[in-house]
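Inspection log for the structure reproduced underneath, given as structure tokens.
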Amino acid sequence: MQYSQDFKTAAIALCNAGKFIDSKGWVPATSGNFSARLPDGTIAITTSGKHKGHLQVEDIMLIDHDANSLDGKKSSAETGLHTTLYKRYPTIQAILHPHSINAILVSKIFGDVIVLENYELLKAMHSITTHETRITVPIFANDQDIPRLAHVVDQYLDTVNDCYGYIIAGHGLYTWGESILEALRHLEALDYLFDCELRLHGVRKP
Ligand SMILES: CSCCC(=O)C(=O)COP(=O)(O)O
Ligand SMILES: [Zn+2]
């Protein structure tokens, strides 16, 4: 398979994102998956079962927008969650899925959503310009049936305007952005804000 320069650039950026995310402890064992949409609409995505902190360019593969492998490699078990988001949001170019402890804890103590409001760091989210903002991060039940889970997420997203990420209960966070860097910014900000809420609710020492 002859990969394009766009693919190679995205693959290196995803490997570097993995190193950073792993340095935060957000992708233990072989958890998590990452992707980036290329200018031609194909998607660079992590192959299944690799440690996402130790990714090599060979661990990134190419799929089409319907999740078909274009290079014979086996994509993430959760590829359908990525392709569903790319179809919904034409402007997003990257999706990150870590298994961060704070996302897991949030799903254990909050109900169907966690609401984040009046935090300066909300301005790290795309197009938010003031702390006087309220964002809702939905929490979905985990499901081993990824097409069914993707459908549940998609139905929810039909009902809201702005969404920056969602939590799968006991599993992890999905967040996205208009670039890998923006998705990383969203991930770091959401994790920080989850941490604030967990401390407020006595889960962590302030
Ligand atoms: C060992 S974690 C279980 C699978 C998972 O939730 C995940 O994020 C990693 O799966 P992948 O197929 O993308 O490696
Ligand atoms: Zn996962």
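Throughout, residue positions are numbered sequentially from 1 according to the sequence presented. Just so you know, ligand 1 is whichever comes first in the structure, and atom 1 is the first atom listed for that ligand. Model, not experiment: these values are computed from the prediction.
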(message) Closer than 4.0 angstrom, basic N to acidic O: yes or no for Arg185 and Glu188?
(response)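 Between Glu188 and Arg185 there is no salt bridge, as every charged N stays at least 4.0 Å from the carboxylate O atoms.
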(request) Answer yes or no: is there an ion pair linking Arg88 with Asp158, defined by an N-O contact shorter than 4.0 Å? (result)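 Counted as a salt bridge, because a side-chain N and a carboxylate O are separated by less than 4.0 Å.
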(request) Examine Phe110 together with His201 and report whether their ring centres are nearer than 6.0 Å. (result)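 Ring-ring flag for Phe110/His201: true, centres closer than 6.0 Å.
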(request) Would you please indicate yes or no on a ring centroid separation below 6.0 angstrom for His65 and His82? (result)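 Centroid separation for His82 and His65: 6.0 Å or greater.
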(request) Give a yes/no on ligand 1: does Ala29 have at least one heavy atom closer than 4.0 angstrom to it? (result)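 It does not, in that no heavy atom of Ala29 comes within the 4.0 Å cut-off of ligand 1.
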(request) Could you establish whether Thr46 and ligand 1 come within less than 4.0 Å of each other, counting only heavy atoms on the residue side? (result)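 So Thr46 does not count as touching ligand 1.
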Tell me: protein heavy atom nearest [atom], and distance?
{"atom": "atom 3 (C) of ligand 1", "result": "His99 CE1, 4.5 Å"}
{"atom": "atom 1 (C) of ligand 1", "result": "Thr30 OG1, 3.4 Å"}
{"atom": "atom 13 (O) of ligand 1", "result": "Ser76 OG, 2.6 Å"}
{"atom": "atom 4 (C) of ligand 1", "result": "Glu78 OE2, 4.1 Å"}
{"atom": "atom 10 (O) of ligand 1", "result": "Asn33 ND2, 3.9 Å"}

(request) Could you tell me how the ring of His171 sits relative to the ring of His97: parallel (under 30°), tilted (30 to 60°) or perpendicular (over 60°)? (result)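 It falls in the perpendicular class, over 60°.
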(request) Run down the list Gly49, Gly32, Gly172 and name the one with the heavy atom closest to atom 14 (O) of ligand 1. (result)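 That would be Gly49.
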(request) Say whether, by atom type as modelled, one donor and one acceptor occur between the side chain of Thr175 and the main chain of Tyr164 under 3.5 angstrom. (result)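 Side chain of Thr175 to backbone of Tyr164: a pair is present.
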(message) Under the side-chain contact (heavy atoms from CB on, under 4.5 Å) test against Phe34, which residue among Leu184, Ile180, Thr46 passes?
(response)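 When side-chain contact (heavy atoms from CB on, under 4.5 Å) is applied between Phe34 and each of Leu184, Ile180, Thr46, only Thr46 qualifies.
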(message) Is it the case that atom CG in Asn142 sees more than 12 heavy atoms from other parts of the structure closer than 6.0 Å?
(response)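 It does: Asn142 CG has more than 12 such atoms within range.
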(request) At a cut-off of 2.8 Å, list the protein N/O/S atoms near the Zn ion (ligand 2), residue plus atom name. (result)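 Counting only protein N, O or S atoms under 2.8 Å from the Zn ion (ligand 2), the list reads Glu78 OE2, His97 NE2, His99 NE2, His171 NE2.
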(request) Would you check if Leu62 and Tyr3 make a side-chain contact, meaning some heavy-atom pair closer than 4.5 Å? (result)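 Result yes, sub-4.5 Å side-chain heavy-atom pair found.
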